[in-house]
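Input: a single structure, listed below in structure tokens.
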Amino acid sequence: MFRLPVQIHLAGESDVVLGVVHVRQDQRVLDMLCDARLFFPVETREGVILINKNTVTKIALATRNNIEKIPDAYPQVDLNALDRRSGEMRELE
């Protein structure tokens, strides 16, 4: 499993959820959003929260630059996995 940092925008919320989602090596974040589950877990600095997929208006992989600007905003991140998946950012934004 990879721990990928994401920025999640939710309907009716002005704050952006900053956290980490877990995906398999052969899975994209988009695949996780399109599976049959109604909710998905997000690990934040405050703990794990469940997000209803129907409330997500936008989700994007955080960049290395995002993480370096606010290093305390994300839980531990697999930067090597993030670098390998940088092409997904265009797909998810």
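What you see is a predicted model, and the numbers here were worked out from it, not measured in a lab.
- Contact check for L50 versus F40: no side-chain heavy atoms found under the 4.5 Å cut-off.
- Of all non-hydrogen atoms in G19 and P75, the two that sit nearest each other are CA-CD, 4.2 Å.
- Using a 4.5 Å heavy-atom cutoff, the side chains of H22 and M32 are not in contact.
- A73 and R45 make their closest contact through O-CG, 3.3 Å (heavy atoms, listed as atom of the first residue, atom of the second, distance).
- Of the inter-residue distances, the one linking L33 atom CG with R28 atom CZ reads 10.5 Å to the nearest 0.5 angstrom.
- In terms of heavy atoms, K53 sits closest to R37 at NZ-O, 2.9 Å.
- Remark: side-chain polar atoms of K58 are not paired, donor with acceptor, to backbone N or O of L10 under 3.5 angstrom.
- Using a 4.5 Å cut-off on side-chain heavy atoms (C-beta onward), D31 and V23 make no contact.
- For residues 67-76, no residue pair satisfies the salt bridge (Lys or Arg N to Asp or Glu O under 4.0 Å) rule, not counting sequence neighbours.
- Using a 4.5 Å cut-off on side-chain heavy atoms (C-beta onward), I8 and V16 make no contact.
- At least one side-chain heavy atom of V17 sits under 4.5 Å from a side-chain heavy atom of I49.
- Using modelled atom types and a 3.5 Å distance limit, the side chains of N52 and T55 yield no donor-acceptor pair.
- Among V42, I67, I70, the single residue meeting the side-chain contact (heavy atoms from CB on, under 4.5 Å) criterion with L18 is I70.
- Residues R3 and Y74 have side chains not in contact (no heavy-atom distance under 4.5 Å, counting atoms from C-beta outward).
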Walk me through it: do V20 and L4 pass the test side-chain contact (heavy atoms from CB on, under 4.5 Å)? CA-CA 5 Å; V20 171; L4 298 177; 5.7 Å; no
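- Among all heavy-atom pairs drawn from R24 and F2, the shortest one is O-CD1, 4.2 Å.
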Before you tell me yes or no, could you show the steps for H9 and V56 under side-chain contact (heavy atoms from CB on, under 4.5 Å), namely the whole-Å CA-CA distance, both residues' side-chain angles and the distance that decides it to 0.1 Å? CA-CA 6 Å; H9 299 258; V56 175; over 6 Å; no
